[in-house]
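Here the structure is a predicted model, which is why all the values come from computation and not from measurement.
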Amino acid sequence: MIKPKTVGLILAGNIPLVGFHDFLSVLLAGHRVLVKTSSNDQHLIKFLANYLVAVEPRLATRITFTDGKLENYDAVIATGSNNTARYFDYYFKDKPSIIRKNRNSVAILNGSESHADLVRLGEDIFRYFGLGCRNVSKLFVPKDYNFERFFQAIFEYQDVIHYEKYANNYDYNKAVFLMSNFKLRDNGFLTLKEDGSYSSPISSVFYEFYDDLAVLTEQLETDKEQIQCIVSNPFIANSIPFGKSQQPDLWDYADNVDTFTFLISI
């Protein structure tokens, strides 16, 4: 029998309802939830909370939102940047906690992908303008990869350039890259830059060539703390199919940390 606790949630605001899985998990585990929303995503989570209370009125006493600092809580799940995570680690050191940091997702291509596969990969790249940790921000491709096929497939997402903020990011980041004399592949709404990093700026995707799939697999295992998910055909263990990165199941826990096991153990 679980003794109900109060679990504080500090939610990110990079994409809509990004913290809803944590919110739902706390309630399903039988606890009370104390929510501090991001200023960028204040409304949808409250709307769904009101809906849940309308369906099950007893939940009203188990859901609280706060605009101030968290107080009177027993455990915490906090999501933020790598910098804020260091603050969270210190501030919540005396409480059971899950602290989430920056992560990015990658796609591994081998050149045999169909046009439809690459169109679906575009969904993994452009959904939510690439702001989510499950959005693909880097491609791993074999030597002599034909990028023209990739650009032809993602042309279906060209309308993204008509969003002012995205267009501003595209213009700015392209200018910065060009002034730094970086070589770019560009189709007018997305730039591709060869780069060893995982986190690319909005409107750009990094890429890296690989020679040996086994060596690449070892590299990704070494860097697993930086990676949220891997997208492929799939021909890589534990990867997900193209077009599915932003369609996680309830049991696809962020950072591979079993939130529910944590909640029933506090």
Should Tyr51 and Leu44 be regarded as members of a common hydrophobic cluster, given that ILVMFWY residues are connected when their side-chain heavy atoms come within less than 4.5 Å of each other, either directly or indirectly? no
Sub-3.5 Å donor-acceptor pair from the side chain of Asn14 to the main-chain atoms of Leu131, do we have one? yes
Take Glu221 and Lys224, measure what salt bridge (Lys or Arg N to Asp or Glu O under 4.0 Å) needs, and give me the verdict at the end. CA-CA 5 Å; Glu221 176 63 23; Lys224 63 182 180 181; 3.2 Å; yes
Checking salt bridge (Lys or Arg N to Asp or Glu O under 4.0 Å) for the pair Arg103/Asp255: CA distance, chi angles, key distance, verdict? CA-CA 8 Å; Arg103 291 206 181 204; Asp255 301 358; 3.3 Å; yes
Nearest heavy-atom neighbours spanning Ile266 and Ala75: CD1-CB, 3.8 Å
Checking the side chain of Asn173 only, and the main-chain atoms of Pro201 only, is there a donor and an acceptor separated by less than 3.5 Å? no
Tyr157-Phe126 aromatic ring centre distance below 6.0 Å: yes
Please identify each residue that fulfils ring-ring contact (aromatic ring centres under 6.0 Å, His included) with Phe260, with sequence neighbours left out. none
Going by distance alone, is a donor N or O of one side chain under 3.5 Å from an acceptor N or O of the other, for Gln246 and Asn135? yes
Are Phe23 and Leu11 packed together at the side-chain level, in the sense that at least one heavy-atom pair is separated by less than 4.5 angstrom? no
Walk me through it: do Asn104 and Phe206 pass the test side-chain contact (heavy atoms from CB on, under 4.5 Å)? CA-CA 11 Å; Asn104 295 94; Phe206 291 159; over 6 Å; no
Stepwise, does the side-chain contact (heavy atoms from CB on, under 4.5 Å) test hold for Phe88 with Thr79? CA-CA 9 Å; Phe88 290 153; Thr79 304; over 6 Å; no
So, do Tyr145 and Phe147 have ring centers that fall under 6.0 Å from each other? yes
d(Thr84 OG1, Arg100 CZ) to nearest 0.5 Å is 13.0 Å
Ser197 and Asp195: CA distance, side-chain angles, deciding distance, side chain to side chain donor-acceptor pair (under 3.5 Å) verdict: CA-CA 6 Å; Ser197 302; Asp195 197 297; 3.0 Å; yes
Please say whether more than 12 non-hydrogen atoms of neighbouring residues, nucleotides or ligands are located less than 6.0 Å from NZ in Lys244. no
Do Gln247 side-chain atoms and Gly243 backbone N/O form a donor-acceptor pair below 3.5 Å? yes
Aromatic plane relationship, Tyr73 with Phe92 - under 30° parallel, 30 to 60° tilted, over 60° perpendicular: perpendicular
Is the number of heavy atoms from other residues, nucleotides or ligands within 6.0 Å of CG (Asp249) greater than 12? yes
Side-chain heavy atoms nearer than 4.5 Å, only ILVMFWY residues, links allowed to pass through others: does that put Ile227 and Val205 together? no
Under 3.5 Å: donor-acceptor pair, side chain of Ser200, backbone of Ser204: yes
Above 12 or not: heavy atoms from other molecules or residues under 6.0 Å from NZ of Lys36? yes
Test side-chain contact (heavy atoms from CB on, under 4.5 Å) applied to Leu17 and Leu48, step by step: CA-CA 10 Å; Leu17 289 175; Leu48 286 181; 3.7 Å; yes
In short, Leu139 meets Leu192 closest at the heavy-atom pair CD1-CD2, 4.4 Å
Is it the case that atom OH in Tyr163 sees more than 12 heavy atoms from other parts of the structure closer than 6.0 Å? no
Flag the pair Phe150 / Leu190 as yes when at least one side-chain heavy-atom distance between them is below 4.5 Å, and no otherwise. yes
Any side-chain heavy-atom pair of Ile108 and Leu216 under 4.5 Å: yes
Does Lys138 qualify as a cation-pi partner of Tyr198, given the criterion of NZ or CZ under 6.0 Å from the six-membered ring centre and within 45 degrees of its axis? yes
Quick one about Thr6 and Arg32 (side-chain donor to acceptor, distance below 3.5 Å, no hydrogens or angles considered), yes or no? yes
Do the non-hydrogen side-chain atoms of Tyr128 and Arg134 ever get within less than 4.5 Å of each other? no
Smallest heavy-atom separation, Pro142 atom then Gly111 atom, equals CG-N, 4.4 Å
Relative to the ring of Phe177, is the ring of Phe182 parallel (under 30°), tilted (30 to 60°) or perpendicular (over 60°)? perpendicular
Taking all non-hydrogen atoms of both residues, which atom of Cys229 and which atom of Ser105 are closest, and how far apart? SG-OG, 3.1 Å
Do Ile10 and Val257 sit in one hydrophobic cluster, given that two such residues count as connected whenever their side-chain heavy atoms are within less than 4.5 Å of each other, even indirectly? no
Would you please say whether a donor-acceptor pair under 3.5 Å links the side chains of Asn233 and Glu113? no
Would you please say whether a donor-acceptor pair under 3.5 Å links the side chains of Asn110 and Ser112? yes
Specify the closest pair of heavy atoms between Gly8 and Leu70, including all atoms of both residues, with the distance to one decimal. CA-CD1, 4.0 Å
Leu9 vs Val76, test: side-chain contact (heavy atoms from CB on, under 4.5 Å). Steps then yes/no. CA-CA 6 Å; Leu9 299 183; Val76 176; over 6 Å; no
Can you tell which of Leu59, Thr64, Leu27, Val7 makes a side chain to side chain contact (heavy atoms under 4.5 Å, CB included) with Val33? Leu27
Step through the shown structure and confirm whether more than 12 heavy atoms of other residues, nucleotides or ligands are within 6.0 Å of CZ on Arg127. no
Taking the cut-offs as 6.0 angstrom to the six-membered ring centre and 45 degrees off its axis, would you call Lys93 and Tyr90 a cation-pi pair? yes
Looking only at the side chains, is there a donor atom on one of Ser114 and Asp117 sitting less than 3.5 Å from an acceptor on the other? yes
Is the positively charged end of Lys46 above the ring of Phe65, judged by distance under 6.0 angstrom from the centroid and angle within 45° of the axis? yes
If every non-hydrogen atom of His21 is compared with every non-hydrogen atom of Leu250, which pair is closest and at what distance? NE2-O, 2.6 Å
Take atom CG of Asn72 as the centre, draw a 6.0 Å sphere, and report whether it contains more than 12 heavy atoms from other residues, nucleotides or ligands. no
Leu263, Ile98: one ILVMFWY side-chain cluster at the under-4.5 Å cut-off? yes
Val231 with Leu118, same ILVMFWY side-chain cluster at under 4.5 Å: yes
If you measure only the distance, is there a donor-acceptor pair under 3.5 Å linking the side chains of Arg185 and Tyr207? yes
Side chain to side chain, Ser245 and Ile240, heavy atoms closer than 4.5 Å: yes
Could you check Asp186, Thr191, Asn169 and say which one makes a side chain to side chain donor-acceptor pair (under 3.5 Å) with Lys174? Asp186
Distance col, row Leu121:CG vs Ser232:OG, nearest 0.5 angstrom, shows 11.0 Å
Near Asp159 CG, under 6.0 Å, is it more than 12 heavy atoms from other residues, nucleotides or ligands? yes
